[in-house]
2 protein chains.
Amino acid sequence: MKELTEKQRTVYKFLAEFMRRRGYPPTIREIGEHFGFLWSAARGHLQALERKGYVRLDRAKSRGIELRGWNMSGGLAVPVAGKVRAGKPMLAAEQSEESLFIDRALFQAEDAFALKITGDSMIDAGIWEGDYVIVKPQETIGSGEIGVVFLGDEATVKRIYVKKGEITLKPENREMEPATYRAGEVRIIGRVIGVVRKL
Amino acid sequence: MKELTEKQRTVYKFLAEFMRRRGYPPTIREIGEHFGFLWSAARGHLQALERKGYVRLDRAKSRGIELRGWNMSGGLAVPVAGKVRAGKPMLAAEQSEESLFIDRALFQAEDAFALKITGDSMIDAGIWEGDYVIVKPQETIGSGEIGVVFLGDEATVKRIYVKKGEITLKPENREMEPATYRAGEVRIIGRVIGVVRKL
DNA sequence: CTGAATAGTATACAAATGTATATATGAAAG
DNA sequence: CTTTCATATATACATTTGTATACTATTCAG
């Protein structure tokens with residue numbers, strides 16, 4: 001990504017701050033007004049920012065500005081899957097009332113959701129009871145990665161090892177034993193891409 | 001907050017979903033279009049939502065919709081203190097270019113900052129190398145809490161025990177020993193209120 | 001010197017967008 | 001039965017807002 005000029009940087013910061021406070025982007029005229037110059041100049045800055053990849057402009061839409069920069073990206077609200085039910089986990093997540101704001105730059109997954117951890121089966125992987133794991137939905141997973149699976153009618157987080165026809169779920173806890181299942185018995189829901197903990 | 005009707009609830013969900021995906025609110029007409037009715041009806045719903053306290057409408061502004069519900073709080077950008085220098089840690093944090101978006105509902109601290117962890121001295125507390133800890137700046141700390149202190153010219157994260165005139169820093173790592181210092185030797189920077197990890 | 005990028009002013013214009021108001025139906029409340 | 005509220009259609013209108021273009025001045029690389 002190209003370097004920004006001093007002025008472009010201040011415009012970018014203003015955009016981020018405006019969106020943080022108001023929840024929506026400013027109009028071109030509001031940008032100009034803030035800096036004390038005409039809006040046609042503001043438009044030039046926006047186009048420069050777009051050219052350099054820091055924002056995306058939805059053409060002909062009012063306030064159609066999306067921030068893209070890695071160093072000050074917008075937050076992404078992911079739904080918290082309170083009760084992930086068997087059969088229709090994604091649906092349950094979509095119906096979720098709760099949501100969590102995560103960093104869009106850290107977790108690049110538009111369709112991610114969060115899951116609150118119960119139990120300490122992943123404690124040796126640094127995932128504790130009460131933590132939220134950020135899950136990127138996918139139906140397969142690399143062997144050895146931490147993922148979310150359906151086992152019976154419950155969703156659990158485990159380190160997953162895949163062999164032909166077999167799936168081994170390994171709790172990251174010295175006192176618990178891995179368990180192996182036939183491929184049909186468990187269903188992979190997604191991969192854990194992040195952890196958020198409140199102390 | 002008053003109860004929403006079925007229809008109002010679906011409108012509210014659409015607003016949240018739209019903002020989640022696009023980064024800015026829809027226009028009144030876009031709402032109507034989505035549900036298949038005229039925009040003047042959509043406006044009625046918005047006004048109902050405002051009356052019940054779920055959104056705030058900025059009058060006469062395009063896309064002037066702010067969500068207020070508890071389930072969709074705004075994100076908070078906290079600066080990442082790349083190199084916290086002795087003497088002026090907060091200043092360094094303020095000058096930081098990088099920032100992290102965290103959930104305002106989870107971490108209620110307007111002046112918080114983030115610190116990237118190096119080393120594995122807190123691994124038994126579930127804080128790993130590469131994790132970001134969210135720090136709420138404060139000059140004192142409860143004994144037994146996890147905090148950030150300045151030791152010499154370096155900032156470290158440890159579990160802190162305070163006795164009269166003495167401060168003990170305990171690494172949460174079986175292989176490391178606690179160390180005790182005189183009160184003047186270490187300076188308490190803040191309390192760790194959260195952890196964010198990218199996998 | 002020349003051309004490109006930056007940073008503005010100024011203005012015209014069409015499309016997008018919010019506001020206001022009148023009307024109608026069905027359900028719930030009194 | 002009347003009133004109120006939720007829901008929706010229809011329409012007129014003023015304002016907001018993005019787009020396009022022309023023009024000026026400065027800086028910086030080649």
Side-chain angles (χ1 to χ4, degrees), chain A residues 1-19 21-69 71-72 74, chain B residues 1-19 21-69 97:
Chain A
M1 207 135 52
K2 279 183 186 170
E3 278 293 309
L4 292 180
T5 65
E6 187 95 11
K7 207 79 199 192
Q8 288 164 352
R9 180 154 225 84
T10 63
V11 171
Y12 185 81
K13 294 225 167 179
F14 170 68
L15 289 178
E17 183 64 15
F18 190 103
M19 292 181 70
R21 301 194 102 95
R22 307 274 289 270
Y24 52 84
T27 64
I28 292 180
R29 279 171 180 79
E30 281 169 342
I31 297 170
E33 196 179 326
H34 176 263
F35 288 103
F37 46 64
L38 286 187
W39 35 277
S40 28
R43 189 153 186 273
H45 286 131
L46 279 181
Q47 289 175 327
L49 284 174
E50 183 174 42
R51 206 169 48 248
K52 292 185 177 177
Y54 284 77
V55 304
R56 220 198 90 211
L57 301 177
D58 283 10
R59 299 203 300 183
K61 299 222 157 182
S62 72
R63 303 179 192 274
I65 303 171
E66 288 178 60
L67 270 65
R68 299 189 128 186
N71 57 348
M72 182 76 175
Chain B
M1 209 134 53
K2 278 185 186 171
E3 276 294 307
L4 292 180
T5 66
E6 188 93 10
K7 207 78 199 196
Q8 288 164 351
R9 179 154 228 86
T10 63
V11 171
Y12 184 81
K13 296 232 165 178
F14 170 69
L15 290 178
E17 183 64 15
F18 190 103
M19 292 183 69
R21 303 195 102 96
R22 307 276 288 272
Y24 51 85
T27 63
I28 292 180
R29 278 172 181 77
E30 282 169 342
I31 298 170
E33 197 178 325
H34 175 263
F35 288 103
F37 47 63
L38 287 186
W39 35 278
S40 28
R43 187 151 189 278
H45 287 131
L46 280 181
Q47 290 176 326
L49 284 173
E50 183 175 43
R51 205 169 48 246
K52 292 185 178 177
Y54 284 77
V55 304
R56 219 198 90 209
L57 301 178
D58 283 11
R59 301 202 300 183
K61 299 221 156 180
S62 73
R63 303 180 194 276
I65 303 172
E66 289 178 59
L67 271 65
R68 300 191 126 188
E97 285 298 303

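Quick caveat, the model's predicted, so the values are computed rather than measured. Residue numbers start from 1 in every chain, and the chains themselves are labelled A, B, ... in the order their sequence lines are given, proteins ahead of strands.
OP1 or OP2 of C:dT17 sits under 4.0 Å from a side-chain N or O of B:Arg63. Listed pair B:Arg43 / C:dT19 meets the phosphate criterion, a side-chain N or O lying under 4.0 Å from OP1 or OP2. The side chain of B:Ser62 contributes no N or O atom lying less than 4.0 Å from OP1 or OP2 of C:dG18. Look at A:Lys52 and you'll find a side-chain N or O under 4.0 angstrom from OP1 or OP2 of C:dT6. For the pair A:Gln8 and C:dA5, the criterion of a side-chain N or O lying under 4.0 Å from OP1 or OP2 is not met.
A straight line from CD1 of B:Ile31 to P of C:dT17 spans 11 Å, rounded to a whole angstrom. Look at NZ on A:Lys61: it is 22 Å from P on C:dA14, rounded to the nearest Å. Rounded to whole angstrom, the span from the CD1 atom of B:Ile28 across to the P atom of C:dA15 amounts to 21 Å. The nearest whole Å value for the distance from the CD atom in A:Glu30 to the P atom in D:dT16 is 11 Å. Put simply, CZ on B:Arg59 is 15 Å from P on D:dT15, counting in whole angstrom units. Atom CD in A:Glu6 sits roughly 15 Å away from atom P in D:dT27 (whole-Å rounding). Distance B:Phe37 CZ to D:dT11 C1': 18 Å, rounded to the nearest Å. Residue B:Glu33 contributes atom CD, which lies 17 Å from atom C1' of D:dA8 at whole-angstrom precision.
If you check D:dT9, C:dT9, D:dT17 against the side chain of B:Leu38, the one that comes closest is D:dT9. Distances from the side chain of B:Ser40 to the nucleotides D:dA6, D:dT9, C:dT6 place D:dT9 closest. Comparing D:dA8, C:dT19, C:dA7 against the side chain of B:Trp39 picks out C:dT19 as the nearest.
Distance check, rounded to the nearest 0.5 Å: NZ of A:Lys61 to OH of B:Tyr24 gives 5.5 Å. Here the straight-line distance linking atom CD1 of B:Ile65 with atom OG1 of B:Thr27 works out to 8.0 Å at 0.5 Å rounding.
Nearer to the 5' terminus of DNA chain C, by closest-nucleotide assignment, is the contact made by A:Ala41 (compared with the other of A:Ala41 and A:Arg29). Nearest-nucleotide mapping onto DNA chain D: of B:His45 and A:Thr27, the residue sitting toward the 5' end is B:His45.
Between the side chain of B:Thr5 and the base of D:dA6, no donor-acceptor pair of N or O atoms lies under 3.5 Å.
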- [ ] Begin from the C-alpha positions of B:Glu30 and B:Phe18 and carry the test side chain to side chain contact (heavy atoms under 4.5 Å, CB included) through to its verdict.
- [x] CA-CA 10 Å; B:Glu30 282 169 342; B:Phe18 190 103; 3.7 Å; yes
Open item on the list: Using side chain to side chain contact (heavy atoms under 4.5 Å, CB included), reason through B:Leu57 and B:Arg43 one step at a time and then give a plain yes or no.
Closed with: CA-CA 11 Å; B:Leu57 301 178; B:Arg43 187 151 189 278; over 6 Å; no
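Of the listed residues (B:Phe37, B:Phe14, B:Phe35), just one forms a ring pair (Phe, Tyr, Trp, His ring centres under 6.0 Å) with B:His45, and that residue is B:Phe37.
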